Amino acid sequence: MTAVQIRLKDAGATRELGRVLGRLLGPGDVVILTGELGAGKTTLAQGLAQGLGVSGTVTSPTFTLIQEHQGRLPFYHIDVYRLEDPEAALELGLEEYFYGQGVTLVEWGERLGELLPPEYLEVCLEYDATAGRRATLTARGQRYARILEELKQIAGPGA
């Protein structure tokens, strides 16, 4: 398992990380976002959408659960925060998103447990009053390890 940690000075840096990731992702890629409320998950999702060429506003789908956007690839933004249990996620048809031709991003994805696909990129966003914001990106599978290698080349020695 490959992991990269990146310090994020502000929301703009979080959005930029998303933009860079969006440019690196391809059909069928899955990103799982974790982190406390207010850690920047939706901000990162907005940047990722920009990197995918999505025009228009991207907001958290907390109440709608799934928002579909069109860019150079379809972008499926899913928020499972309000789901009572992982089994309720089955009714959303997640397999169609996870194994489709678009890029799927799931906020609070750790709540899906065993319903997660076997391979994905996990992005854990954290905020600490003394250390600041930090993103830990963990590759679950070879495809995502290659994406992290590309990200390190773009981001430089700080990644």
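Only a predicted model underlies this, so the values are computations on that prediction, with no experimental measurement involved. Computed over heavy atoms, backbone and side chain alike; hydrogens, waters and symmetry mates excluded. If you read the sequence from its start, that first residue is 1, and numbering goes on from there.
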Using the test salt bridge (charged side-chain N to carboxylate O under 4.0 Å, His left out), find all partners of [X] that sit at least two apart in sequence or belong to another chain.
X	value
Arg140	Glu122
Arg146	none
Arg143	Asp29
Glu149	Lys152

Which heavy-atom pair separates [X] from [Y] by the least distance, and what is that distance?
X	Y	result
Gly40	Thr14	O-CG2, 3.7 Å
Thr43	Arg15	CG2-NH2, 3.7 Å
Leu8	Ala135	CD1-CB, 3.8 Å
Leu24	Ile147	CD1-O, 3.9 Å
Leu105	Ala45	CD2-CB, 3.9 Å

[X]: partners by side chain to side chain contact (heavy atoms under 4.5 Å, CB included), with sequence neighbours left out:
X	value
Glu68	Ile66, Tyr76, Tyr97
Glu95	Leu90, Tyr99
Ala145	Thr2, Ala139, Gln142

In a table with atom names and distances, give each donor-acceptor pair under 3.5 Å that connects a side chain of residues 50-57 to protein atoms at least two apart or in another chain.
residue : atom : partner : partner atom : Å
Gln50   : OE1  : Arg19   : NH1          : 2.3

To the closest 0.5 Å, what do you measure between [atom1] ([X]) and [atom2] ([Y])?
X	Y	atom1	atom2	value
Thr138	Leu121	OG1	CG	8.0 Å
Leu116	Leu94	CG	CG	9.0 Å
Leu125	Leu44	CG	CG	5.5 Å

**OP:** Check ring-ring contact (aromatic ring centres under 6.0 Å, His included) between Phe98 and all other residues, then give those that pass, not counting sequence neighbours.
**Re:**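 Expected list: none.
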Original post:
Going by the ring pair (Phe, Tyr, Trp, His ring centres under 6.0 Å) test, which pairs reach into residues 111-150, not counting sequence neighbours?
Top reply: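 Applying ring pair (Phe, Tyr, Trp, His ring centres under 6.0 Å) to every pair that reaches into residues 111-150, excluding sequence neighbours, yields nothing.
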Subject >> Results of side chain to side chain donor-acceptor pair (under 3.5 Å) for Arg23 - residues two or more places apart only >> reply: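 Listed in chain order: nothing, the list is empty.
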Subject >> Leu73 side chain reached by Leu25 side chain, heavy atoms, under 4.5 Å >> reply: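 A side-chain contact under 4.5 Å is absent here.
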Original post:
Got a donor-acceptor contact below 3.5 angstrom from the Glu107 side chain to the Leu33 backbone?
Top reply: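 Checking the backbone N and O of Leu33 against the side chain of Glu107, no donor-acceptor pair under 3.5 Å is found.
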Subject >> Heavy-atom donor-acceptor pair, Lys41 side chain to Gly35 backbone, under 3.5 Å >> reply: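 It does hold such a pair.
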Original post:
Quick check: are there more than 12 heavy atoms from other residues, nucleotides or ligands sitting under 6.0 Å from CD of Glu96?
Top reply: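 Open: at most 12 neighbouring heavy atoms sit under 6.0 Å from CD of Glu96.
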Original post:
Among Glu110, Arg111, Glu126, whose side chain to side chain contact (heavy atoms under 4.5 Å, CB included) with Thr34 holds?
Top reply: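 Exactly one pass, corresponding to Glu110.
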